[in-house]
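The structure appears right after this line, and notes come after that.
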Amino acid sequence: MATGLLILMGLLFLGATWATVHIHPAFVWLQAFAEAALVGGLADWFAVTALFRHPMGLPIPHTAIIPRSKDRIGETLAGFLKDNFLTPRNVARRLDDFDAAAMLAAMLERPASGGRVRRGLMRLGEQLAETPAAAAIFRRLQEGTLTRLRDLDVSPLLGRMLEAAIADGRHRPMIDELILWAGRTLDSQEGLIRAMVEERTAWVLRLVNVDERIADELVGGLRGLLADLAADPRHPVREKADKALANLAFDLQHMPETQAKVERVKRDLMASPALADWLEGLMARLKDGMKGLGQGAFARDIALAMATTLREDPALPAAVNQLARRAIVGTVADHGDRIVGLVSETVKGWDAGTISEKLENAVLRDLQYIRLNGTLIGGSIGLLLHAVLVLAGAA
């Protein structure tokens with residue numbers, strides 16, 4: 001349209017000039033309008049074109065402004081973003097009404113969004129698990145675990161844990177379970193016990209079934225003892241066990257001999273290939289678990305449970321929103337220069353043709369309207385100037 005109007009003004013100027021000479025002098029008004037419109041249109045065409053390239057390919061000074069100034073444009077744009085948008089105060093003010101918890105809950109509740117989240121988690125887990133960085137992290141975790149175990153003074157730690165368990169009575173369920181295990185073992189190994197008694201009884205005594213009576217007494221006595229232990233929490237044997245555990249807790253914390261024994265056991269365990277194999281298997285299961293993120297109903301149930309908690313827990317949304325705001329503002333404060341630097345470096349990395357094309361496509365329509373307005377306004381000004389000249393000549 002702009003170019004067509006410019007051509008039309010050129011044709012109108014030629015026609016009006018011919019008509020002024022051959023038809024009627026009044027066509028001079030149309031000639032003045034067309035002449036000024038043609039000048040205005042050409043001037044604006046030159047100005048618009050000079051922003052992006054050399055007009056008609058001629059290396060006229062101060063043309064192709066954007067390609068020549070792309071580095072400066074990138075730096076100016078980055079500075080504008082930094083000074084007017086990416087400041088902690090501006091970002092914090094914009095985040096006052098930002099409800100990250102509600103947004104997250106809604107996303108987890110929507111089936112489509114939940115599916116995207118799960119698929120995203122799955123892809124993220126698979127990508128992370130297969131990266132060299134993940135292998136290095138798993139290796140460092142394994143090495144770090146072994147190093148921590150090697151440097152850890154285990155005996156006092158075990159002593160304090162045992163002492164705390166005894167003080168709270170948390171050892172009693174373990175003793176109960178041990179008594180039940182002993183009862184089950186006695187039942188399953190009764191035949192072996194009777195065979196051992198028979199083997200160690202003289203043959204003369206076996207003739208009168210002494211071995212059977214001894215075995216019955218032994219098995220019955222053990223079974224009765226275990227029943228008494230299970231029924232009586234204050235049984236003397238239980239009290240002796242409590243005292244023995246308390247002594248062990250004390251020895252683990254304060255007796256060098258006991259601590260040395262525990263340290264030897266720890267060193268033997270550390271030297272065992274079985275521990276390294278166990279840790280390696282644990283890391284492999286962790287890696288497989290990362291690959292399985294987002295799979296199946298388990299992940300869907302987790303997503304819905306998280307959404308429900310975010311909706312119903314009065315304290316959690318406030319904590320999530322506060323964390324999100326602090327994270328975003330902190331990121332801007334710590335890495336704002338890098339963010340705007342990315343803008344600057346990206347623009348600098350574009351070739352001249354790319355940045356000209358991107359900016360021209362963004363504002364081309366408005367620039368063509370500038371050309372249209374320049375043509376029409378130029379013609380109107382030419383008509384006005386001609387009228388001034390006519391009035392001045394008449395005066």
Would you give the length of the straight line joining atom [atom1] of [X] to atom [atom2] of [Y], rounded to the nearest 0.5 angstrom?
X	Y	atom1	atom2	answer
H235	K240	NE2	NZ	9.5 Å
L248	M255	CG	CE	12.0 Å
R365	L367	CZ	CG	12.0 Å
L186	W181	CG	CH2	10.5 Å
Q368	N373	CD	CG	11.5 Å
L51	F46	CG	CZ	10.5 Å

Inter- and intrachain pairs under ring pair (Phe, Tyr, Trp, His ring centres under 6.0 Å), touching residues 237-268, at least two apart: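 Pairs touching residues 237-268 that pass the test: F250-H254.
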
Quick one: do [X] and [Y] end up in the same hydrophobic cluster if we chain Ile, Leu, Val, Met, Phe, Trp and Tyr together by side-chain heavy atoms under 4.5 Å apart?
X	Y	answer
L30	I377	no
I23	W29	yes
V262	M161	yes
V39	V48	no

Show your working on side chain to side chain contact (heavy atoms under 4.5 Å, CB included) between M56 and T49 and close with a plain yes or no. CA-CA 9 Å; M56 296 182 294; T49 304; over 6 Å; no

N/O donor-acceptor pairs under 3.5 Å from side chains in residues 379-390, not counting sequence neighbours:
unit_1, atom_1, unit_2, atom_2, d
S380, OG, L376, O, 3.0

Hey, does L42 have a side-chain heavy atom less than 4.5 Å from the side chain of L6?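 SC-SC contact between L6 and L42 confirmed.
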
Quick one: does L218's side chain get under 4.5 Å of L222's, heavy atoms only?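 Result yes, sub-4.5 Å side-chain heavy-atom pair found.
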
Quick check on [X]: does its [atom1] atom have over 12 non-hydrogen neighbours (other residues, nucleotides or ligands) under 6.0 Å away?
X	atom1	answer
R170	CZ	yes
R326	CZ	no
E263	CD	yes

Set of residues satisfying side-chain hydrogen bond (donor to acceptor under 3.5 Å, both in side chains) with respect to Q259, sequence neighbours excluded: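 Expected list: none.
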
List the residues meeting side-chain hydrogen bond (donor to acceptor under 3.5 Å, both in side chains) with D251, not counting sequence neighbours, and say none if there are none.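 Not a single residue meets the side-chain hydrogen bond (donor to acceptor under 3.5 Å, both in side chains) criterion with D251.
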
Could you go through the side chain to side chain contact (heavy atoms under 4.5 Å, CB included) check for R371 and L5 one step at a time? CA-CA 9 Å; R371 291 180 57 195; L5 183 60; over 6 Å; no

Pairs of donor and acceptor atoms involving the side chains of residues 86-100, under 3.5 Å and at least two apart or interchain, shall be tabulated with distances.
unit_1, atom_1, unit_2, atom_2, d
T87, OG1, N90, N, 3.2
T87, OG1, N90, ND2, 2.9
N90, OD1, R93, NH2, 2.6
N90, ND2, N84, O, 3.1
D99, OD1, A101, N, 3.4
D99, OD1, A102, N, 3.1
D99, OD1, N321, ND2, 3.1

Stepwise side chain to side chain contact (heavy atoms under 4.5 Å, CB included) check, L269 with K266: CA-CA 5 Å; L269 181 63; K266 187 192 76 173; 5.6 Å; no

Output side-chain donor-acceptor pairs under 3.5 Å for residues 8-22, partner residues at least two apart or in another chain, one line each.
unit_1, atom_1, unit_2, atom_2, d
T17, OG1, F13, O, 2.7
T17, OG1, Q31, NE2, 3.0
W18, NE1, H22, ND1, 3.2
T20, OG1, A16, O, 2.7
T20, OG1, F27, O, 3.4
T20, OG1, V28, N, 3.2
H22, ND1, W18, O, 3.1

Could you pull out the closest heavy-atom pair between [X] and [Y], with the gap in Å?
X	Y	answer
A307	A105	CB-O, 3.7 Å
H54	L58	CB-O, 3.0 Å
I175	A241	CD1-CB, 4.5 Å
R238	L229	NE-O, 2.7 Å

E177/M174 under side chain to side chain contact (heavy atoms under 4.5 Å, CB included): CA gap, chis, key distance, verdict: CA-CA 5 Å; E177 188 62 32; M174 297 177 60; 5.7 Å; no

Check E163 with R160, please: is the shortest side-chain N to carboxylate O separation under 4.0 Å?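 No, no charged N to carboxylate O under 4.0 Å.
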
